[in-house]
Amino acid sequence: MNASPPDDDAPLPAGLDALEARLRQDLQWLGLPARRWVPPRAGPAGEPVLEVAIVGAGMAGLALGGALKHLGVPATLFDHAPEGFEGPWATTARMETLRSPKELTGPALGLPALTFRAWFESQFGRAAWTALDKIPRLQWMDYLRWYRRALGLEVRNRQRVRAVRPRADGLVQLDLADDAAGGAPSTVLARRAVLATGRDGLGGSWTPAWSRDLPRDRWAHSSDPWDAAALAGKRVAVIGGGASAMDSAATALEAGAARVDLLVRRADFPRVNKGKGAGSPGMAQGFWTLPDAWKWRFRHYLNRQQTPPPHGSTLRVSRFADAHFHLGAPVAGAAVRPDGALRLDTARGPLATDFVVFCTGFRSDWSLRPEFAGFAPHVRTWRDRFAPAPDQEDEELAQSPDLGPLFEFREKAPGACPGLDRIHCFCYPAALSHGAVTGDIPQISDGARRLAQGLAGALFGEDIATHFDAMRRYAEPELLGDEWTPAAFPAYDPGGPA
């Protein structure tokens, strides 16, 4: 951040206390949050039942929790991380700044006082905002910590989800382990469960098969927590040419790596971020209503084009003389040499290195998520019902869950997994069914509000008899009976005017 002293005409920072007071006033003027209206429900043994349980308290989970709270629907968020370290921002992410333009409102849910800009200017002033290029990564995490506190969201940290179990009685069961208490087990029941589990939401990191030929302590995935300082003086090979590859390469170089070789499969980097060209309110609101063929066509095109690494991230690497970009250099195999070095067999010849970082993305792979094993075989995917054109085959898209209008999973065989539709997929694998509204900063508020409104409507419909009875019992009088005096009815004059 390049901050400069405030201009004479710019208001001085008022501080977070003043911003929070404004947020409270805005919410009060809007009548938010709505009062709680969902009738409480007990489980079969009299245990309490949550209205909505959200697995994951990163940006998507927080935005959904806030949207539900505004609608008067309590939500409880569960996250395995310690408080303040949810999501990748302060753990495995290695970029210096966010890639999104600073002006995007992100998870603010339409509230100006809840934006990053309001949070930033209240502390550092308008001139500092003007001077800011991109949002620093760790500052974004500080903003999300404040966001959680300012909205008063209920988050239970260090809760590891061991199983998500749909049930035939209209409830979803979460089996948890409390890592803050030595893994003590517990069970929670909820009427709806939402998986806000991020980029690797239904799987995990992917590496090519030849990675198994390397000792496990000699390689890492970009999403792993790895010690950059341990790479000082070593040769490092980075597999990939996207944003995470640049972040990983720069991190290794800044930690003192002797040499970093970036091995890029493509003959050239993509130059244009086509996703930016697709962004609009129409896309946010209308993608999920498109015919299947158009959904597939959009997502397949973006997959084929790929996203270029950010300009600044690439310069962060190329400023080092020990950074070497190898284009058109896919790796076909690997081995350990007699001298202990690693040999990578590339299309441009063998390469010796000491450590490998795979920046190869994520795949939907249920086998990597044992907590979903109870329902995973029953989830209908796009492969189960959609056949793309021969020139548009795409394995990533084929594996995507075929979600309903409330982001709910649908059964591959009707009736085989009762309650599956009470589990909602609010993470990256929802992109083919619903667009980029489940994790990317530009559209996260749109997705959170749409899902929150849908969940509120579904809960209302399930309790419609209770709500009707409550309406019938409602007896607060509007009129007391003394607001008027009954008049005598005039006598009828048969000879008078008609």
Side-chain angles (χ1 to χ4, degrees), residues 14-41 50-54 56-79 86 103-123 140 142-156 190-192 194 196 281 284-285 406-407 424 426 437-439 441-464 466-467 470-471 474 476:
L16 286 179
D17 289 344
L19 178 62
E20 290 167 19
R22 173 177 170 176
L23 177 61
R24 288 192 296 270
Q25 181 67 79
D26 288 345
L27 291 172
Q28 184 181 37
W29 280 336
L30 292 169
L32 298 175
R35 63 177 178 81
R36 177 171 179 162
W37 54 270
V38 183
R41 181 177 294 192
L50 301 176
E51 282 79 1
V52 180
I54 301 174
M59 180 181 67
L62 293 176
L64 178 60
L68 285 166
K69 183 172 183 177
H70 290 168
L71 294 176
V73 179
T76 303
L77 293 81
F78 299 88
D79 200 287
E86 305 85 359
E103 294 83 6
L104 296 179
T105 57
L109 303 174
L111 295 164
L114 201 56
T115 60
F116 175 86
R117 178 172 182 173
W119 177 87
F120 183 93
E121 285 196 14
S122 71
Q123 299 171 90
W140 180 257
D142 286 340
Y143 160 70
L144 292 178
R145 290 167 179 144
W146 171 82
Y147 181 103
R148 163 182 171 172
R149 179 173 60 82
L151 289 183
L153 301 177
E154 182 184 354
V155 181
R156 301 182 189 178
R191 295 177 63 175
R192 300 277 173 163
V194 179
Q285 305 304 325
L406 294 186
F407 299 79
H424 306 261
F426 195 61
V437 296
T438 60
I441 288 173
Q443 299 178 18
I444 189 63
S445 283
D446 297 296
R449 286 184 289 191
R450 175 145 55 85
L451 178 52
Q453 290 164 1
L455 290 173
L459 292 169
F460 178 77
E462 292 167 8
D463 293 326
I464 191 60
T466 301
H467 292 300
M471 181 181 66
Y474 181 75
E476 181 178 337

**OP:** List in chain and number order the residues that pass side-chain hydrogen bond (donor to acceptor under 3.5 Å, both in side chains) with D463, two or more places apart in sequence or in another chain; answer none if no residue qualifies.
**Re:** R41, R191

Original post:
How long is the span from the CZ atom in R156 to the CG atom in D79, to the nearest 0.5 Å?
Top reply: 13.5 Å

**OP:** Kindly state each residue pair satisfying salt bridge (Lys or Arg N to Asp or Glu O under 4.0 Å) with at least one member in residues 451-461, sequence neighbours excluded.
**Re:** none

Could you list the donor-acceptor pairs under 3.5 angstrom formed between side-chain atoms of residues 25-33 and any protein atom two or more places apart in sequence or on another chain?
{"unit_1": "Q25", "atom_1": "NE2", "unit_2": "Q28", "atom_2": "OE1", "d": "3.1"}

Subject >> Between CD on residue E86 and CZ on residue R148, distance to nearest 0.5 Å >> reply: 5.0 Å

Subject >> Interatomic spacing from CG in L151 to CG in L23 - rounded to 0.5 Å >> reply: 6.5 Å

**OP:** Check side-chain contact (heavy atoms from CB on, under 4.5 Å) between Q285 and all other residues, then give those that pass, not counting sequence neighbours.
**Re:** D446

**OP:** List the atom of L77, the atom of G56, and the distance in Å for their closest heavy-atom pair.
**Re:** CD2-O, 3.8 Å

Original post:
side-chain hydrogen bond (donor to acceptor under 3.5 Å, both in side chains) with Q443: which residues, sequence neighbours excluded?
Top reply: none

Subject >> Donor-acceptor contact below 3.5 Å, side chain H424 vs main chain R192 >> reply: no

Original post:
Is the shortest heavy-atom distance from the side chain of F426 to the side chain of I444 under 4.5 Å?
Top reply: yes

Subject >> Those residues that, when tested against F78, pass ring pair (Phe, Tyr, Trp, His ring centres under 6.0 Å) (two or more places apart) >> reply: none

**OP:** Quick one: which residue pairs count as a side chain to side chain donor-acceptor pair (under 3.5 Å) with a foot in residues 66-76, not counting sequence neighbours?
**Re:** T76-E154

Subject >> Any side-chain heavy-atom pair of E20 and W146 under 4.5 Å >> reply: yes

Original post:
What distance separates Q453 CD from L455 CG, expressed to the nearest 0.5 Å?
Top reply: 10.5 Å

Original post:
Residues in salt bridge (Lys or Arg N to Asp or Glu O under 4.0 Å) with R24, at least two apart?
Top reply: none

Original post:
What is the distance from atom CH2 of W37 to atom NE2 of H467, rounded to the nearest 0.5 Å?
Top reply: 5.0 Å

**OP:** Let me see the working for M59 and Y147 under side-chain contact (heavy atoms from CB on, under 4.5 Å), right down to the final yes or no.
**Re:** CA-CA 9 Å; M59 180 181 67; Y147 181 103; over 6 Å; no

Subject >> Separation between CZ of R145 and CG of L62, rounded to the nearest 0.5 Å >> reply: 11.5 Å

Return all side-chain donor-acceptor pairs below 3.5 angstrom for residues 106-120, not counting sequence neighbours, or 'none' if the list is empty.
{"unit_1": "T115", "atom_1": "OG1", "unit_2": "P112", "atom_2": "O", "d": "2.8"}
{"unit_1": "T115", "atom_1": "OG1", "unit_2": "A118", "atom_2": "N", "d": "3.1"}
{"unit_1": "R117", "atom_1": "NE", "unit_2": "E121", "atom_2": "OE2", "d": "2.7"}
{"unit_1": "R117", "atom_1": "NH2", "unit_2": "E121", "atom_2": "OE2", "d": "3.1"}

Original post:
Where is the tightest heavy-atom contact between P74 and E51, given as atom of each residue plus distance?
Top reply: O-CB, 3.6 Å

Original post:
Which pair of non-hydrogen atoms, one from A57 and one from V155, has the smallest distance, and what is that distance?
Top reply: CB-CG1, 3.7 Å

Original post:
Who passes side-chain contact (heavy atoms from CB on, under 4.5 Å) against A452, sequence neighbours left out?
Top reply: L64, A67, L68, L71

